[in-house]
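What you are looking at is a predicted structure, and each value in this text was computed from that prediction instead of being measured. Here is how names work: the chains are called A, B, and so on, in the same order as the sequence lines, proteins then strands, and each is numbered from 1.
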2 protein chains.
Amino acid sequence: MNARRTTIKDVAEAAGVGVATVSRVLSGGSASPETRERVLTVAAQLDYRPSALGRNLRQRRSGGIGLLVPDITDSFYGRLADGVLACARAAGEPVVLGTTGDDAEREAEQIGMLLEQGVDRVVAVPAGSAEIWEPTLRAGLTTVFAHRSAAGRDDVPAVLADDRAGVRTAVDYLTGLGHRRIAYLGGPGQEQRVSVFRQSLGALVDEELIVSARGSRDSAYAAAAGLFQHRPDLTAVLAGGNLLGEAAVLAAGELDLRVPKDLSLIMFDDVPWAELCAPPLTVIAQPAQDIGYRAAELVLRGGGRRPRGVLLPTELIVRGSCGPRRTA
Amino acid sequence: MNARRTTIKDVAEAAGVGVATVSRVLSGGSASPETRERVLTVAAQLDYRPSALGRNLRQRRSGGIGLLVPDITDSFYGRLADGVLACARAAGEPVVLGTTGDDAEREAEQIGMLLEQGVDRVVAVPAGSAEIWEPTLRAGLTTVFAHRSAAGRDDVPAVLADDRAGVRTAVDYLTGLGHRRIAYLGGPGQEQRVSVFRQSLGALVDEELIVSARGSRDSAYAAAAGLFQHRPDLTAVLAGGNLLGEAAVLAAGELDLRVPKDLSLIMFDDVPWAELCAPPLTVIAQPAQDIGYRAAELVLRGGGRRPRGVLLPTELIVRGSCGPRRTA
DNA sequence: AAGAATGATGGAATCGTTTCCATGAACGCA
DNA sequence: TGCGTTCATGGAAACGATTCCATCATTCTT
């Protein structure tokens with residue numbers, strides 16, 4: 001089988017014009033109507049599809065957009081990715097996906113691969129801190145952060161859910177129900193939220209009740225179980241993500257803590273199964289898909305020196321996992 | 001800013017050798033030890049990273065592997081993708097991701113894009129039927145199907161969970177509990193399973209109890225609700241995927257059907273929230289991640305004309321969503 | 001010791017596109 | 001009518017790698 005792809009040269013020959021003309025016609029340059037017509041028909045006839053390889057090399061950039069998320073298994077990032085894909089598809093751009101596991105080193109490795117591929121636009125949920133991204137940005141990568149931004153990198157546009165409002169709403173809701181010992185069960189890169197949590201809680205804050213897990217399910221479960229065992233006096237928990245929430249529900253069940261009687265639970269991120277739980281989980285919904293879509297939009301618009309980020313609203317969805325403080 | 005990338009030419013110059021030599025050293029060709037040494041140090045010093053663009057053009061193929069799944073939001077495909085990513089990362093290959101929404105036309109569009117990008121290896125959960133893939137395969141794409149294969153395309157290797165055994169086990173389990181009117185709630189591309197379902201059920205089969213939804217959550221819910229309302233006499237349901245299972249739980253709740261008292265439920269695919277449900281869901285676990293990993297392995301090994309597929313085991317995990325037939 | 005075989009090396013071609021530049025035709029204006 | 005402008009056009013360079021092939025220095029064989 002020797003089915004070589006048809007190249008621009010073939011089209012040029014068949015249409016009796018030069019390759020330059022074909023290229024111009026196909027990329028919307030100027031050409032006489034009859035020439036344009038002829039080239040177009042011939043191209044269609046030959047089923048010519050320009051090779052991105054040649055174009056990319058010439059233009060020293062691959063059209064694609066890179067997407068870096070901690071864990072594609074996590075439903076939140078799945079939805080975020082879906083948003084990016086939707087936008088990219090509309091723009092006709094391919095998406096190359098990498099996962100970082102919330103590990104700075106792995107993130108750097110993935111960035112290296114993207115750079116090598118000639119990808120020059122990337123949407124990332126940053127794992128590493130500001131300085132990790134320094135060489136990347138210097139290398140000319142158009143970057144947009146999604147879901148969180150790297151500490152101290154306000155020169156990179158970021159598309160975020162309004163965590164501050166979300167945390168505040170959740171805390172207000174819980175304190176309104178009478179809770180005083182409220183825990184925050186966080187994950188990597190949630191310093192922002194933790195600080196707002198402290199701030200919202202004011203004098204009620206108890207540092208022991210602020211725990212942080214690494215990205216994995218195991219780690220989340222360990223953190224939740226440890227927290228519940230160590231501090232049985234707490235009456236409410238704010239879980240900073242659906243993995244954490246899952247772990248909290250699981251650990252609570254394991255320790256025979258009834259929700260919401262013994263323990264009130266609010267989870268960041270509304271996932272389909274939140275409704276299926278018993279009791280259904282009260283959550284702070286985040287527009288994961290929108291975040292991805294907007295981030296992709298921003299990175300595609302690209303060069304426009306407008307490092308303005310976007311803040312998307314969160315929403316408290318009250319279901320059944322929070323109750324008044326148990327008067328033990 | 002004029003920070004041009006360092007090219008192989010720069011390295012060659014700095015090391016005082018020809019570009020051919022540099023290329024050879026870097027890709028493991030033959031070279032004298034001292035030359036190799038020198039080139040390597042210079043390359044490291046200059047922080048040289050070969051451009052995939054140049055290489056790909058020359059070799060007329062992009063290194064990357066394409067991944068086509070119906071919906072990255074679906075936890076099953078998320079895990080599958082994770083497996084592919086893991087394998088690709090180990091091999092140092094980028095992954096370009098596309099979603100098909102289980103739509104043949106969209107699938108064709110995505111394939112077109114991959115081809116254009118020079119991607120010549122693809123792992124896909126096929127949406128379209130055999131003939132859709134004909135031109136693709138002829139175009140020289142090394143393809144491996146995952147999770148399901150296209151009807152009548154046994155020339156493409158496929159990595160599958162053992163659906164036959166899974167369905168049979170589930171049906172046997174349910175009939176063993178005394179159930180007679182058992183429904184199958186399926187999705188796109190599950191003809192195989194349906195046929196095994198019929199076969200396992202033998203004389204008990206009731207065509208009205210076999211319903212099929214399209215890919216979306218809405219469609220799944222509609223199918224489940226419709227089924228339950230239309231045939232209140234059924235006592236057990238086998239849901240062919242986590243979206244379907246979710247819909248079944250939701251619809252059952254909506255219609256005040258108690259699980260497992262009024263309705264026994266088995267779901268294909270073990271997801272974390274299955275344990276969190278009340279009652280926890282009995283499931284047929286499928287090794288989604290392995291499926292992805294093995295498929296990626298196969299596609300990377302590639303050319304080896306061995307269209308042998310792989311069949312991975314499923315496992316019935318009994319939790320609490322199935323009970324003896326209600327003796328109404 | 002002379003010719004053959006081996007191995008390291010660099011120049012140049014190549015991949016498929018875009019884009020710069022020169023050419024020539026057509027046209028308008030004085 | 002003559003000259004300058006505009007416009008379509010095609011040839012050729014460039015992008016950054018790989019790889020064919022010729023060259024040259026060794027070493028082996030007889």
Side-chain angles (χ1 to χ4, degrees), chain A residues 2-40 42-43 46-64 92 113 115-120 139-140, chain B residues 2-40 42-43 46-64 92 94 115-120 139-140:
Chain A
N2 194 6
R4 207 175 45 78
R5 278 180 68 118
T6 74
T7 74
I8 200 176
K9 209 170 164 186
D10 300 327
V11 177
E13 239 161 72
V17 299
V19 290
T21 304
V22 177
S23 173
R24 244 172 273 136
V25 168
L26 260 39
S27 45
S30 69
S32 77
E34 58 266 30
T35 309
R36 146 166 281 114
E37 174 82 13
R38 189 147 37 95
V39 169
L40 252 26
V42 169
L46 266 52
D47 190 33
Y48 167 68
R49 323 219 15 157
S51 151
L53 266 38
R55 175 186 11 234
N56 290 346
L57 176 57
R58 174 61 223 240
Q59 308 187 149
R60 315 158 88 154
R61 41 157 286 214
S62 129
M113 154 162 308
L115 247 359
E116 198 164 311
Q117 295 300 318
V119 170
D120 61 349
Chain B
N2 194 5
R4 209 175 44 78
R5 280 179 67 117
T6 75
T7 75
I8 200 176
K9 208 170 166 187
D10 301 327
V11 177
E13 239 161 70
V17 299
V19 290
T21 304
V22 177
S23 173
R24 245 171 274 136
V25 167
L26 261 38
S27 47
S30 69
S32 77
E34 57 267 29
T35 308
R36 147 164 282 113
E37 175 82 14
R38 188 148 37 95
V39 169
L40 251 29
V42 169
L46 266 53
D47 188 33
Y48 168 68
R49 323 220 17 159
S51 150
L53 265 40
R55 177 187 9 239
N56 290 347
L57 176 56
R58 174 60 222 243
Q59 307 186 149
R60 316 159 87 154
R61 39 155 289 211
S62 129
L115 246 0
E116 197 164 313
Q117 295 300 317
V119 170
D120 61 349

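Taking the side chain of A:Leu57 as heavy atoms from C-beta on, and the options C:dT19, C:dG16, C:dT9, the nearest nucleotide is C:dG16. With distances taken from any side-chain atom of A:Ser32 to the nucleotides C:dT9, C:dT17, D:dT9, the minimum falls on D:dT9. Counting only heavy atoms from C-beta on, B:Val17 has its side chain closest to C:dG10 among C:dG10, C:dT9, C:dT17.
No hydrogens or angles were tested; on distance alone, a donor-acceptor pair under 3.5 Å links the side chain of B:Arg24 to the base of C:dG10. A donor-acceptor contact under 3.5 Å is formed by the side chain of B:Arg58 with the base of C:dT14.
For the pair B:Lys9 NZ and C:dA13 C1', the computed distance is 14 Å after rounding to whole Å. Residue B:Arg36 contributes atom CZ, which lies 13 Å from atom C1' of C:dG7 at whole-angstrom precision. Taking atom CD of A:Glu34 as the reference point, atom P of C:dA25 lies 16 Å away to the nearest angstrom. Between the CD atom of A:Glu37 and the P atom of D:dA8 there is a distance of 16 Å, rounded to whole Å. Distance, B:Arg60 CZ to D:dG16 C1': 17 Å, rounded to whole Å. The distance between atom CD of B:Gln117 and atom C1' of C:dT17, rounded to the nearest whole Å, is 13 Å. D:dA17 atom C1' lies 15 Å from atom CZ of B:Arg49, rounded to whole Å. In this structure, CZ of B:Arg61 is placed 15 Å from P of C:dG16, rounded to the nearest angstrom.
Residue-level contact check: A:Ala20 touches the bases, meaning some heavy atom is under 4.0 Å from a base atom. No contact: B:Gly118 has no heavy atom under 4.0 Å from any strand. Contacts of B:Ile8 with the nucleic acid, taken as non-hydrogen atoms under 4.0 Å apart, include base atoms. Within the 4.0 angstrom heavy-atom criterion, base atoms lie near A:Gly54.
Atom CD of residue A:Gln117 and atom CZ of residue B:Arg55 lie 8.0 Å apart, to the nearest 0.5 angstrom. Put simply, CG on A:Asp10 and CD on A:Glu13 are 6.5 Å apart, with the number rounded to the nearest 0.5 Å. Once rounded to the nearest 0.5 Å, the distance linking CZ of B:Arg24 with OG1 of B:Thr35 reads 10.0 Å. Taken from CG in A:Leu40 to CG in A:Leu26, the straight-line distance is 6.5 Å, to the nearest 0.5 Å.
Nearest-nucleotide positions on DNA chain C place B:Thr21 closer to the 5' end than the other of B:Thr21 and A:Arg55.
Nearest approach of A:Thr7 to A:Tyr48, heavy atoms of both residues: C-CE1, 3.5 Å. Minimum heavy-atom separation, B:Leu46 to B:Ala14: CD2-CB, 4.2 Å.
The side chain of B:Ser51 places no N or O atom within less than 4.0 Å of a non-bridging phosphate oxygen (OP1 or OP2) of D:dG16. Between C:dA8 and B:Thr35, no contact under 4.0 Å exists linking OP1 or OP2 to a side-chain N or O. Residue B:Ser30 places at least one side-chain N or O under 4.0 Å from the OP1 or OP2 atom of C:dA8. When the side-chain nitrogen and oxygen atoms of A:Ser23 are compared with OP1 and OP2 of C:dT18, one or more of them lie within a distance under 4.0 Å.
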